[in-house]
4 protein chains.
Amino acid sequence: MLNRVILIGRLTRDPELRYTPSGTAVTQFTLACDRPFTNQQGQREADFINIVTWRQLAETCANYLRKGRLTAVEGRIQVRNYDNNEGKKVYVTEVVADNVRFLESMGGNRNDGDGYNQNQSSSGYNRSDSNRGGSSNDDPFSDDGRPIDISDDDLPF
Amino acid sequence: MLNRVILIGRLTRDPELRYTPSGTAVTQFTLACDRPFTNQQGQREADFINIVTWRQLAETCANYLRKGRLTAVEGRIQVRNYDNNEGKKVYVTEVVADNVRFLESMGGNRNDGDGYNQNQSSSGYNRSDSNRGGSSNDDPFSDDGRPIDISDDDLPF
Amino acid sequence: MLNRVILIGRLTRDPELRYTPSGTAVTQFTLACDRPFTNQQGQREADFINIVTWRQLAETCANYLRKGRLTAVEGRIQVRNYDNNEGKKVYVTEVVADNVRFLESMGGNRNDGDGYNQNQSSSGYNRSDSNRGGSSNDDPFSDDGRPIDISDDDLPF
Amino acid sequence: MLNRVILIGRLTRDPELRYTPSGTAVTQFTLACDRPFTNQQGQREADFINIVTWRQLAETCANYLRKGRLTAVEGRIQVRNYDNNEGKKVYVTEVVADNVRFLESMGGNRNDGDGYNQNQSSSGYNRSDSNRGGSSNDDPFSDDGRPIDISDDDLPF
DNA sequence: TTTT
DNA sequence: TTTT
């Protein structure tokens, strides 16, 4: 009934832009978020959190984000599952972002401080079908490690 | 650098209270959070999000939460991984809660509207070791589906 | 660049629905949010936080919220100012809500568990003019205590 | 029952460090947070949001924050009131921060990327007395514009 | 493995 | 598979 996530971290790699069969842009990246405490060895660990963005926001992220960039992400946690090639259910957790803020400039050449990068959906017609038994081509990130095709069924709002 | 989650949803089952070898309480449960849109079939889906609480908050959750209860959770996203019995890395994503609010009373017998249920850590000495190669007994939830032992190494703050 | 608020509290009064000159619905109410600690006298105090909602969400809130109802609000902090009748600048702080969740049912007669109550704006064309010097008819809430007219200029997104 | 704010913005001035009579550090500053839309004149406005930090976090903020710095703040909304010199109630709204992240380095001389800047309270004994009738020396920020003394009574957690 |  |  309410599902809100706000993260600040750094990209572990350049973002990946892809398109669904129907032509919708999807960009995926991973944020490294340092934990607020150190472990038993006195070292600070990080959580590596998968982010997905759609449509215009996906294009903007692909254009402006790069590995290492400090970035703020607002969105919701999404948990999906599919049956892997051994017929076992694999669960995938990711943050579907609807607002991304570029906290570092792009190598001196431009300003990114102005202009919000928000999802502009004309809400209401939404659809998102996950959990379709047997179908395995339904997601950006796989906890399994395999690259997987994305489908129009994953379109959020 | 910042990692904040706020959820409101319903417990899919009664919470499970366990103890680490050193006697620290850990309670786990899953929140069903309805998505803010309907899928292609016009149905509202939910995300099933794993929650972990520690220490005093774990005891309180085990005592007062029950299947179906509307509950608010505040915490951080944590991503852990371990090698499963086939030597494959399994990733586990969960929300480590530091504040849980009981939004529904306990069947008329008590009030839960007063009193915050917050993690009371004497911050600073914290430690949390995940990602220890080879060790597989390190987590409350497994995306693999197997029940797994919990370890003191997972203690957050 | 990022401005996010999430509150859970109870309405101090029934919500007030009004309309701007151009016919846009605005609903205002105040949430009492208990503080997470007690004061020197051992008593728990509350913060009384002003909420504003617009358009469809305003209508829904006016229809379904009532004094005392436990309610979750998501939005952004807005700070406005105007010159009062003595020519002094008065500052008004409120939360402009874009998502409101009714956490308690309406006296048994209905269900409120399904259906999100979210602001549905066709983002992009937005406008909001506050801080107009001399003009005093620009806000729902006044820290001054006077009832004030609302204006189309306050329309957010 | 839940009161969470997350902001990213820039300091409008250098932070101000003061001490309560009993020697507790309090730092105040204002964050300019650009609104996510433009007004009727096509200009982007900002909300100027007052922030208060206490104790160790106050010292760290005073040491490392400066006018113009991009900063993330996590905390809760607090609304206080007092009677001004004309006997009128004045309301003050501010964000009491428990986590502040410095998103820009300090002119090249140091690193601020490591090390969380979090409030370290030994929770449980808390107290905070506002709303004391007649007393006017109770707050960092005044919507009235007058500088006001701070008091130990405002100590949160 | 999923809640109302 | 991980960022500074």
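Side-chain atoms are counted along with the backbone in the values below, which use heavy atoms only and exclude waters and symmetry mates. Naming convention: chains lettered A, B, ... in sequence-line order (proteins, then strands); numbering from 1 in each chain.
- Counting to the nearest Å, the C1' atom of dT2(F) and the CZ atom of Arg10(A) are 14 Å from each other.
- What separates CZ of Phe48(A) from C1' of dT2(F) is a distance of 4 Å, to the nearest Å.
- Side-chain atoms of Thr30(B) lie closest to dT2(E) of the nucleotides dT3(F), dT2(E), dT3(E).
- Gly9(A) comes within contact range of no nucleotide atom at all, as no heavy-atom separation falls under 4.0 Å.
- Rounded to an integer number of Å, the gap from CZ of Arg80(B) to P of dT2(F) is 17 Å.
- Picking from dT3(F), dT2(F), dT2(E) the nucleotide with the shortest atom distance to the side chain of Asp34(A) gives dT3(F).
- Remark: Glu59(C) pairs with Leu17(C), Tyr19(C), Ala25(C), Gln56(C) by the side-chain contact (heavy atoms from CB on, under 4.5 Å) rule, at least two apart or across chains.
- Between the side chain of Asn99(A) and the backbone N or O of Glu74(A) there is no donor-acceptor pair closer than 3.5 Å.
- The pair Arg10(D)-Glu104(D) meets the salt-bridge criterion, with a side-chain N (NZ, NE, NH1 or NH2) lying under 4.0 Å from an Asp/Glu carboxylate O.
- For the salt bridge (charged side-chain N to carboxylate O under 4.0 Å, His left out) test, residues two or more places apart in sequence or in another chain that qualify with Asp47(B) are Arg76(A), Arg35(B).
- Spacing between atom CG of Leu65(B) and atom P of dT4(E) amounts to 14 Å, rounded to whole angstrom units.
- Remark: P of dT4(F) and CG of Leu7(A) are 18 Å apart, rounded to the nearest angstrom.
- Between Gln78(A) atom CD and dT2(E) atom P the separation is 17 Å, expressed in whole Å.
- Between Lys89(B) and dT1(F) there is a side-chain polar atom (N or O) within less than 4.0 angstrom of OP1 or OP2.
- When the P atom of dT2(F) is taken as reference, atom CZ of Arg44(A) falls 20 Å away, rounded to whole Å.
- Computed from coordinates, the Leu2(A) CG to dT3(E) P distance equals 21 Å when rounded to whole Å.
- Considering only the side chain of Tyr91(A), dT1(E) comes nearest among dT3(E), dT3(F), dT1(E).
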